[in-house]
Amino acid sequence: MTVPNPSSLDPADWDAFAAAAHRMVDAAIDHTRGLRDRPLWRDMPAPTRRLFEAPLPRGPTPLEAVCDDVRDHILAYPLGNAHPRYWMWFMGASNLTGALGDFLAAANASNLHGGNHAARLVDDQVVRWLAGIAGFPATAAGTLVSGGSVANLIGHAVARQAFATARGIDVRRDGVAALVPRPRHYCSAQAHGCHQKAVEVLGLGNVSLRRIPTGPDLAMDAGALAAAIAEDRREGWAPAMVVATAGTVNSGAIDPLPEIAALCRREGLWFHVDGCIGVLVALAPRHRHLVAGIEMADSLALDPHKWLHAPFELGCALVRDGAALLRTFSLTPEYLAAATRGIAAGSAHWLSDLGLQTTRGFRALKLWMSLREHGADRFGALIDRNIDQARLLADRLEAAGVEVHRPVGLNIVCFRVPAPGLDAAALQRLNREIMLDLQERGIAAVSDTILDGRHYLRAAIVSHRTEDADIAVFVQAFLDSAGRLGAAPAAGMPVAT
Ligand SMILES: *Cc1c(COP(=O)(O)O)cnc(C)c1O
């Protein structure tokens with residue numbers, strides 16, 4: 001048995017390491033360059049699955065062999081969201097500059113809990129850039145997190161803190177039992193599931209999150225919200241916070257933001273916008289009017305790993321009154337005392353005073369690099385293009401005899417093959433089969449959902465790689481799949497390209 005080399009983890013042979021690393025960079029570039037030429041997705045063969053059942057390796061493997069396995073068994077079987085016709089779950093398509101950023105951030109090795117170093121300044125700057133996109137004032141504060149779910153959790157936590165502070169309650173010391181009368185948070189029936197988890201982990205309980213019905217456009221009914229608030233006051237609840245969604249994940253619906261903002265101001269409620277999808281639409285010149293009102297929020301959640309295509313993970317929580325965020329999370333233990341010089345100097349607070357994490361990765365760099373490379377306007381133009389493409393897809397599908405749910409919200413199209421004579425369950429089975437056939441043929445990926453109690457397939461076009469020609473490719477492939485399953489709509493009318 002060989003005794004492991006007790007020296008550091010650095011390469012024994014730096015040149016050999018460089019060669020292996022360059023080979024992997026080339027593999028990643030080739031993979032991305034060839035996305036269109038490969039199936040969007042394919043299932044994994046047995047040898048690949050077996051590799052991931054291997055036990056903990058106690059001894060060494062040559063780096064070259066490890067890299068070969070990564071290339072042949074991991075890079076070769078991705079989820080598919082980098083592909084131009086991946087329109088399934090709402091997520092970004094990543095980009096190689098961002099990937100380089102993640103690599104360089106890891107190589108930089110800095111821990112972003114705080115301290116006086118360049119990465120810390122980049123983190124601050126990226127948060128300021130994002131706050132500027134949202135139209136927030138310079139007094140705002142924010143924190144980079146893993147994604148929208150945690151960004152929304154922070155919004156609920158700051159709202160809970162503000163509710164308590166306004167009543168002279170120390171909720172951090174005394175807990176939710178001290179919140180009397182009980183605070184109530186509101187969101188639409190179409191809000192993301194992370195809001196339920198947020199109130200659950202904050203100890204408020206799911207019962208404290210009231211779901212407000214939506215209108216035919218699947219946006220929150222502001223009249224119903226006002227009525228619910230009045231009813232809750234009568235029944236002894238303390239209305240505390242409204243979550244408006246700017247772009248629902250289900251259908252792209254945008255709650256009436258200015259109306260809800262005004263209602264919150266009148267009623268003295270915290271106004272949070274779940275803008276994981278919608279905040280970045282503020283960059284898109286032809287559609288930014290759709291999200292007017294986000295700048296009035298008390299707190300915002302946004303998701304650069306969606307429409308800014310940052311490699312996962314990157315979300316951001318923003319709070320208009322930065323002091324409210326600090327009041328919620330600031331905690332400076334003796335081992336983190338600040339200094340005026342040296343490594344611990346350089347800022348009024350630690351990044352850990354703005355959120356839950358102590359140790360943090362250098363998430364900001366991947367976005368800092370790609371925003372500098374392309375400029376924010378380029379991302380805005382790509383968002384405009386995705387929204388146009390959704391309308392194009394809806395029109396093309398309808399022209400081919402496919403039923404489309406109207407209105408089309410932002411960049412999300414919900415549709416189904418109609419089959420006269422089939423009951424709802426059979427129709428759902430048929431449409432799901434078409435969806436799975438498209439996935440298994442590796443041509444395109446869409447998901448499915450329920451709107452107004454009816455089952456639809458759902459395409460969320462988020463990719464910066466989607467070209468208009470992909471819309472025609474999709475419609476033709478969809479009709480082919482439907483035809484193979486014996487359900488060609490309107491006898492499969494030819495699709496104009
Ligand atoms: C994606 C999304 C979330 C959750 O964000 P993650 O980054 O997946 O954690 C929350 N709300 C909305 C509206 C979203 O679209």
Side-chain angles (χ1 to χ4, degrees), residues 79 81 86-94 98 102 130 134 142-157 159 185-202 209 211-212 214 217-220 241-257 260 271-282 290-291 293-294 297 299-318 355-357 361 363-364 366-367 383 386-387 390 409-414 447 449 451 458-463:
L79 174 67
N81 54 300
Y86 179 93
W87 305 333
M88 193 168 173
W89 300 308
F90 202 112
M91 58 179 82
S94 198
D102 255 356
L130 294 172
T143 182
L144 300 181
V145 293
S146 56
S149 301
V150 171
N152 279 308
L153 168 64
I154 287 181
H156 283 274
H185 296 191
Y186 304 83
C187 64
S188 95
Q190 292 283 318
H192 193 274
C194 68
H195 297 287
Q196 173 174 338
K197 288 197 194 176
V199 292
E200 287 172 2
V201 300
L202 287 170
L209 184 65
R211 277 79 167 174
I212 306 299
T214 54
D217 57 356
L218 299 173
M220 190 192 288
M241 174 207 209
V242 179
V243 175
T245 302
T248 61
V249 76
N250 212 12
S251 73
I254 298 170
D255 292 342
L257 304 171
I260 295 173
F271 176 40
H272 174 82
V273 174
D274 180 348
C276 287
I277 290 171
V279 166
L280 296 167
V281 175
L290 296 174
V291 296
I294 56 171
S299 56
L300 274 174
L302 70 147
D303 236 356
H305 64 204
K306 286 180 175 163
W307 245 332
L308 291 180
H309 305 291
F312 304 124
E313 305 163 342
L314 186 58
C316 181
L318 294 170
L356 292 160
Q357 288 184 253
R363 292 196 163 102
K366 53 193 165 193
L367 186 58
I383 291 169
N386 284 157
I387 297 171
L410 272 181
N411 59 327
I412 300 179
V413 186
C414 296
S447 64
T449 190
L451 300 179
R458 171 185 164 284
I461 306 183
V462 193
S463 181

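In listed order, ligands and their atoms are each counted from 1.
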Report, in ascending order of atom number, the atoms of ligand 1 lying under 4.0 Å from any heavy atom of [X].
X: I277; answer: 15 (O)
X: G247; answer: 13 (C)
X: H305; answer: 7 (O)

Modelled atom types, side-chain donor and acceptor of [X] and [Y], under 3.5 Å:
X: T449; Y: R458; value: no
X: D274; Y: H195; value: yes
X: H156; Y: H272; value: no
X: N386; Y: N411; value: no

Using non-hydrogen atoms of the residue, decide whether [X] is closer than 4.0 angstrom to ligand 1.
X: A301; result: no
X: E313; result: no
X: D303; result: yes

| said: Quick one, S251 with L451, criterion side chain to side chain contact (heavy atoms under 4.5 Å, CB included). Give me CA distance, side-chain angles, the key distance, then yes/no. | reply: CA-CA 8 Å; S251 73; L451 300 179; 4.2 Å; yes

| So between A460, C194, G147, S149, whose heavy atom ends up nearest atom 9 (O) of ligand 1? |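 When every heavy atom of A460, C194, G147, S149 is considered, S149 comes closest to atom 9 (O) of ligand 1.
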
Considering only protein heavy atoms, which is closest to [atom], and at what distance to one decimal place?
atom: atom 10 (C) of ligand 1; value: H192 CG, 3.3 Å
atom: atom 14 (C) of ligand 1; value: K306 NZ, 2.8 Å
atom: atom 6 (P) of ligand 1; value: G148 N, 3.3 Å
atom: atom 11 (N) of ligand 1; value: D274 OD2, 2.7 Å

| task | Could you please spell out the steps behind the side chain to side chain contact (heavy atoms under 4.5 Å, CB included) verdict for L314 and D303? | result | CA-CA 6 Å; L314 186 58; D303 236 356; over 6 Å; no

| message | Quick check on side-chain contact (heavy atoms from CB on, under 4.5 Å): which of Q357, H305, E313 does S146 satisfy it with? | response |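 Going through the options one by one, the only one that passes is E313.
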
| request: Using modelled atom types only, decide if a donor and an acceptor are shared between the side chain of K366 and the backbone of P311 within a distance under 3.5 Å. | output: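 A pair under 3.5 Å: yes.
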
| message | Heavy atoms only, cut-off 4.0 Å: how does N152 contact ligand 1, side chain, backbone, both, or neither? | response |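 N152 to ligand 1: side-chain contact only, backbone stays beyond 4.0 Å.
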
